[in-house]
Engineer: 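The following block contains the structure, expressed as structure tokens.
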Amino acid sequence: MRGKFITLEGIDGAGKSTQLQWLAGLLEAHGIPLLITREPGGTEFGEKLRQMLLDRNQRLHPDTEALLMFAARREHLAKVIVPALEAGTWVLCDRFTDATFAYQSGGSGLAWDRIEALEQWVQQGLQPDITLCFDIAPELGRARSGRIKQPDRFEQEQDAFFSRVRQAYLRRAREHPDRMHIIDASAPVIEIQKKLEPVILSICGIKS
Ligand code: TMP
């Protein structure tokens, strides 16, 4: 049986990493063979690209950013994700193509249809089976990550960027209602997990 491909998304500060660890534990407790990976990254080449892409001193054109994200993704799919799924291993991926729509289009203004073209080229119809998108207002996300003070000008600008990122995630969810689940990440972490557990087990076809 082919494994399931699960992706996690959300703006920075939405609590995605905490939920990823929890979700991995839940699936492993049900005996599911699991591979945890991330984007950008997931292969040796992809991790090198990640370092360059996340370098704060690097200012890239959004086209370049999107092309590099998809170059890393092509390697990741060919060498890691697809072989794992075909071997029956489930893949839990911290961000995937929805992040390119959210950040490079929503955040940085790249045309939506350019990313659709790259998505089609690189994925040829392959999509995650389930995407959990942790949704939170940017100012709340910022407060969550420990910076509760009034935003300075730069942080305000960041909030505007992240609000566009958030809106783009919501647009993707409207366009892919079957696989994308929006989760209110403003609730306490434990509450979210309590609500999420039966939903995940049911959509993954696991008996609790
Ligand atoms: P992370 O901090 O959740 O590991 O994500 C790394 C950063 O990369 C995050 O700020 C979002 C960004 N990103 C994009 O801009 N486009 C993409 O396609 C992906 C996968 C991540």
Side-chain angles (χ1 to χ4, degrees), residues 5-24 35-43 45-81 91-123 126-128 131-136 138 141-142 144-147 154-155 157-173 175-176 179-180 183 185:
F5 182 23
I6 305 175
T7 59
L8 272 75
E9 299 282 359
I11 63 167
D12 303 68
K16 175 174 61 65
S17 307
T18 312
Q19 301 295 2
L20 185 131
Q21 292 309 320
W22 166 79
L23 181 58
L35 175 92
I36 300 171
T37 185
R38 67 173 180 184
E39 291 210 346
T43 62
F45 172 75
E47 291 294 328
K48 282 187 192 151
L49 278 184
R50 179 186 178 93
Q51 274 186 2
M52 289 193 271
L53 280 159
L54 302 193
D55 179 354
R56 283 177 173 273
N57 300 317
Q58 189 81 258
R59 281 267 162 270
L60 293 172
H61 189 282
D63 278 353
T64 315
E65 254 176 30
L67 288 164
L68 290 177
M69 291 292 176
F70 273 99
R73 188 161 295 139
R74 187 71 195 95
E75 283 300 294
H76 198 197
L77 280 166
K79 304 226 170 101
V80 177
I81 297 177
V91 176
L92 192 53
C93 191
D94 189 345
R95 298 194 188 279
F96 193 63
T97 299
D98 297 312
T100 320
F101 282 93
Y103 284 80
Q104 277 66 54
S105 183
S108 305
L110 185 61
W112 198 262
D113 59 359
R114 285 208 167 190
I115 305 178
E116 281 175 336
L118 291 172
E119 178 185 38
Q120 181 50 35
W121 186 21
V122 165
Q123 292 167 226
L126 186 142
Q127 287 288 349
T131 300
L132 303 177
C133 182
F134 295 89
D135 179 54
I136 197 163
R142 185 159 42 76
R144 272 255 178 108
S145 35
R147 290 166 290 145
F154 180 64
E155 282 167 340
E157 270 180 33
Q158 276 203 331
D159 282 354
F161 176 88
F162 284 120
S163 317
R164 295 196 304 273
V165 171
R166 181 189 192 195
Q167 290 312 317
Y169 271 131
L170 297 175
R171 173 174 172 187
R172 277 294 273 181
E175 290 177 357
H176 296 268
R179 76 168 166 88
M180 252 180 117
I183 292 136

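Both counts, for ligands and for their atoms, begin at 1 and track the order of listing. All residue numbers in this chain count up from 1 along the given sequence. Hydrogens, waters and symmetry mates play no part in the numbers below; they use all other heavy atoms, side chains included.
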Engineer: Between R73 and E119, is there a salt bridge with N-O shorter than 4.0 Å?
Structural biologist: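 R73 and E119: not salt-bridged.
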Engineer: Passes side-chain contact (heavy atoms from CB on, under 4.5 Å), E175 versus F101? Steps please.
Structural biologist: CA-CA 12 Å; E175 290 177 357; F101 282 93; 5.8 Å; no
Engineer: Do Q127 and H176 have side-chain atoms, one donor and one acceptor, less than 3.5 Å apart?
Structural biologist: no
Engineer: Between Q104 and ligand 1, find which residue part has any heavy-atom pair under 4.0 Å and reply side chain, backbone, both or neither.
Structural biologist: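 Side chain only.
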Engineer: Where's the contact between L54 and ligand 1, heavy-atom distance under 4.0 Å: side chain, backbone, both or neither?
Structural biologist: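 Contact part for L54 vs ligand 1: side chain (C-beta onward).
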Engineer: Does T131 form a side-chain contact (heavy atoms from CB on, under 4.5 Å) with Y169? I'd like the steps, not just the answer.
Structural biologist: CA-CA 11 Å; T131 300; Y169 271 131; over 6 Å; no
Engineer: Look only at interatomic distance and state if T100 has a nitrogen or oxygen under 3.5 Å from any nitrogen or oxygen of ligand 1.
Structural biologist: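 Yes - when backbone and side-chain N and O of T100 are compared with those of ligand 1, one distance drops under 3.5 Å.
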Engineer: If we only consider heavy atoms of R73, is any one of them less than 4.0 Å away from an atom in ligand 1?
Structural biologist: yes
Engineer: For atom 13 (N) of ligand 1, what is the nearest protein heavy atom, given as residue, atom name and distance?
Structural biologist: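 Closest protein heavy atom to atom 13 (N) of ligand 1: M69 CE, 3.7 Å.
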Engineer: Considering A66, G107, A99 one by one, which has a heavy atom nearer to atom 19 (C) of ligand 1 than any of the others?
Structural biologist: A99
Engineer: Given the rule in the side-chain contact (heavy atoms from CB on, under 4.5 Å) test, do Q19 and L132 qualify, once you have shown the distances and angles that lead to the verdict?
Structural biologist: CA-CA 10 Å; Q19 301 295 2; L132 303 177; over 6 Å; no
Engineer: What pairs with Y103 under ring pair (Phe, Tyr, Trp, His ring centres under 6.0 Å), at least two apart in sequence or on another chain?
Structural biologist: none
Engineer: Which residue from R50, E39, R38, R95 reaches closest to atom 4 (O) of ligand 1 through any of its heavy atoms?
Structural biologist: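 Among R50, E39, R38, R95, the closest heavy atom to atom 4 (O) of ligand 1 comes from R50.
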Engineer: Among all protein heavy atoms, pick out the one at the shortest distance from atom 21 (C) of ligand 1; state its residue, atom name and that distance to 0.1 Å.
Structural biologist: P40 CD, 3.6 Å
Engineer: Around atom 10 (O) of ligand 1, find the nearest protein heavy atom and jot down its residue, atom name and distance.
Structural biologist: D12 OD2, 3.5 Å
Engineer: CG of L67 to CG of L49: how many Å apart, nearest 0.5 Å?
Structural biologist: 11.5 Å
Engineer: Only heavy atoms of K16, strictly under 4.0 Å: list the atoms of ligand 1 that pass.
Structural biologist: 3 (O)
